[in-house]
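Before any comments, here is the structure.
None of these values were measured; they are calculated from a predicted model. In what follows, chains carry the letters A, B, and so on, assigned in the order in which the sequence lines appear, proteins first and then strands, with residues in each chain numbered from 1.
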Amino acid sequence: MRIATWNVNSLGVRLGHVEEWLSYASPDVLCLQETKLSDGAFPHERFAALGYESAHNGPGRWNGVAILSKVGLDQARSDFSEPSPELAEGRFLIARCGPMDVVSVYVPNGRSLESEHYEIKLGWLRALGREVAAQRAAGSAPLAVCGDFNVAPEDKDVWDPAQLVGSTHVSVPEREALESIVSLGMVDAFRQLHPEDRLYSWWDYRAGRFHKHEGMRIDLVLLSTDVADKAGFALIDRFARRQKQPSDHAPVLVDVEL
DNA sequence: ATGGTAGAGCATCTA
């Protein structure tokens, strides 16, 4: 089973890119983030034409997450189990896709360490942790939590740790919040297969960051430990970041032998 | 310290 995640930074702009990528990468499940679409505007039929069922959670204008699946898509849910209004912004979606429960997340950016949005980000990660814990406790299917976490897990996941001191994405509380989710019984599947540095999934559009390969690895596929050792192949598709009118994120894919 | 680019949408806000 091939599971992928991609922050597309507007599906309206990137629909053609996604269709092309589906045709050559052929994932069984693709989680999307930052569709920037309302639910009514989501192009379900375009993906159905390629053999994918789809579910979407988005308010319009900002955020928006989706799951596409060609191995079935059932019980889609877009609220946390313990709902809380400020957390409902088109950032969470869970569905059963064949043998796995799959979550697509778009974690709040946080803006700056001083911002109230930084505290919201930490609270959101804690809420996601409770969701993962509940899911693991319910415990039937293996779980994949995929998406743009807006956290670089370690210093080797960023191009220049010194330049980022005092910034979001690398602060200790953010990394601890991510680690507390992982410690519930999840594995960073790409990192497990690729321990080396300089492997990024996002590059700022500005300042020629992609050209200089100055990026961060913030797009993750977390697999529950019961299937993590069945992940045999993982890839960040930098070609998708190099094409014309790209997203600022590259797709990340993981093959799990299920 | 700020800027640099991109997207939504038409003034800025978000990233």
Identify, between A:D148 and A:N9, the residue whose nearest nucleotide on DNA chain B lies closer to the 5' end.
A:N9

Mind running a 4.0 Å heavy-atom check of residues 109-118 of chain A against DNA chain B and sending the residues that fall below it, in number order?
A:N109, A:R111

To the nearest Å, how far apart are A:F210 CZ and B:dA6 P?
13 Å

Any donor-acceptor N or O pair under 3.5 Å, side chains A:N7, A:W202:
no

Please report the distance separating the P of B:dA6 from the corresponding atom of B:dT2, rounded so that it comes out in whole Å.
23 Å

Quote, to the nearest angstrom, the C1' distance that separates B:dG4 from B:dT14.
16 Å

Step through it carefully: locate the ring centre of A:W124, locate the ring centre of A:F80, and say whether they are under 6.0 Å apart.
yes

For A:Y106 and for A:G12, locate the closest nucleotide of DNA chain B by heavy-atom distance; then report the residue assigned to the nucleotide nearer the 5' terminus.
A:G12

In this structure, how many angstroms lie between the P atom of B:dG4 and the CG atom of A:D248, rounded?
18 Å

Starting from P on B:dT14, measure out to CD on A:E34 and report it in whole angstrom.
13 Å

Atom-to-atom span, CZ of A:R14 to P of B:dA8 - whole angstrom:
8 Å

To the nearest angstrom, how far is A:R209 atom CZ from B:dG3 atom C1'?
10 Å

Out of B:dA11, B:dT5, B:dA15, minimum distance to the side chain of A:R61 belongs to B:dA11

Ignoring hydrogens and angles, state whether a donor on the side chain of A:H17 or A:S247 is under 3.5 Å from an acceptor on the partner side chain.
no

Say you pick atom P in B:dG3 and the same atom in B:dC13; how far apart are they, in whole Å?
15 Å

Any chance the side chains of A:K70 and A:S26 put a donor and an acceptor closer than 3.5 Å?
yes

Cationic N near anionic O, under 4.0 Å, A:R77 to A:D101
no

Pairwise C1' distance, B:dA15 and B:dG9 [rounded to whole Å]
16 Å

Which value, in whole Å, describes the distance between the P atoms of nucleotides B:dA1 and B:dT5?
22 Å

Do the side chains of A:D204 and A:D248 get nearer than 4.5 Å, heavy atoms only?
no

Take the protein atom CD of A:Q33 and the nucleotide atom C1' of B:dA15, then report the distance between them rounded to whole Å.
14 Å

Among A:H169, A:R191, A:R175, side-chain hydrogen bond (donor to acceptor under 3.5 Å, both in side chains) partner for A:D157:
A:R191

